[in-house]
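What follows is one structure encoded as structure tokens, with my remarks underneath.
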Amino acid sequence: MFALSRPQFLGRFVAASVMLLGIFSVAGCGSSDTLVKVTGKVTLNKQPLSSGSVAFIGDVFAGSSMIGSDGKYEIAGVPAGKALAITVSAGSGPMPGMMGPKGPSGPPKGVDTSKMLPPEPKGKATRISPKYADAKSSGLSYTPTQAAEQTHDIDLAP
């Protein structure tokens, strides 16, 4: 049996630690911490959906956006390289997972709730299948690339 002096032990300990750190950092290269911005247009039968919301949902990420009158949406801070389920809700109510302006006991006194939700769209309301509002049944998904900005259009069937 041989014994190492304190300086020899510390030198080998540091070398081993650096080697292990290198191995673990290479092993982690499959995951990405890159966040990207995804924009796109939501259409129903190739016509823009004029109101509603889009949500991207993953294991540790959820991001959503209101749909503009031209069908466009934008979600920033989306993790690249991870598959995300997509939900789409029509109308102008709160986005999925968000509380409306009159929570459990109503808004605080003095708060103007008229501007908390977008105005109701004029004309006939667009109807889409309720399956699109649920991540398990929507059938919609997207895996963002490493590009800082990218486009993902969503065409819904009635």
Pairs flagged by salt bridge (charged side-chain N to carboxylate O under 4.0 Å, His left out) wherever residues 138-147 is involved - sequence neighbours left out | none
Under the side chain to side chain contact (heavy atoms under 4.5 Å, CB included) test, which residues partner A147, sequence neighbours left out?
-> T145, Q150
Ignoring hydrogens and geometry, is there a side-chain-to-backbone donor-acceptor pair from S138 to I86 under 3.5 Å?
-> yes
Report the residues that fulfil side chain to side chain contact (heavy atoms under 4.5 Å, CB included) with S141, sequence neighbours left out, ordered by chain and then residue number.
-> none
Output for pair (N45 CG, L156 CG), nearest 0.5 Å, gives 9.0 Å
Option among L35, T143, D33, T34 that satisfies the side chain to side chain contact (heavy atoms under 4.5 Å, CB included) test with P79 = L35
Would you please name every residue forming a side chain to side chain contact (heavy atoms under 4.5 Å, CB included) with I57, sequence neighbours left out?
-> A55, T87, A135
Check the pair T43, L49 against side-chain contact (heavy atoms from CB on, under 4.5 Å), reporting the backbone distance first and the verdict last.
-> CA-CA 5 Å; T43 56; L49 195 63; over 6 Å; no
Salt bridge (charged side-chain N to carboxylate O under 4.0 Å, His left out) pairs touching residues 132-152, sequence neighbours excluded, are K37-E149
Sequence neighbours excluded - salt bridge (charged side-chain N to carboxylate O under 4.0 Å, His left out) pairs with any residue from residues 53-66 | none
L84/V78 under side-chain contact (heavy atoms from CB on, under 4.5 Å): CA gap, chis, key distance, verdict = CA-CA 9 Å; L84 303 167; V78 180; 3.4 Å; yes
State, to 0.1 Å, how close A157 and Y132 come at their nearest heavy-atom pair, and which atoms those are.
-> N-OH, 3.0 Å
Does K46 have any salt bridge (Lys or Arg N to Asp or Glu O under 4.0 Å) partners at least two apart in sequence or in another chain, and if so, which?
-> D155
For side-chain contact (heavy atoms from CB on, under 4.5 Å), just list the numbers for T151 and V38, CA-CA rounded to whole Å, side-chain angles, deciding distance to a tenth of an Å, and then say yes or no.
-> CA-CA 6 Å; T151 302; V38 180; over 6 Å; no
Distance-only donor-acceptor pairs under 3.5 Å for side chains of residues 67-76, two or more places apart:
unit_1, atom_1, unit_2, atom_2, d
D70, OD1, K72, N, 3.1
Y73, OH, H152, O, 2.6

Correct closest heavy-atom pair for P144 and K82 would be CD-O, 3.4 Å
Please walk me through it: do S53 and S64 pass side-chain contact (heavy atoms from CB on, under 4.5 Å)?
-> CA-CA 7 Å; S53 62; S64 59; 5.6 Å; no
Which residues satisfy the side chain to side chain contact (heavy atoms under 4.5 Å, CB included) test with K131, sequence neighbours excluded?
-> S129, S137
Measure the CZ-OH distance between F56 and Y142 for me, rounded to the nearest 0.5 Å.
-> 7.0 Å
How far apart are the closest heavy atoms of A80 and V36, and which atoms are they?
-> CB-CG1, 4.1 Å
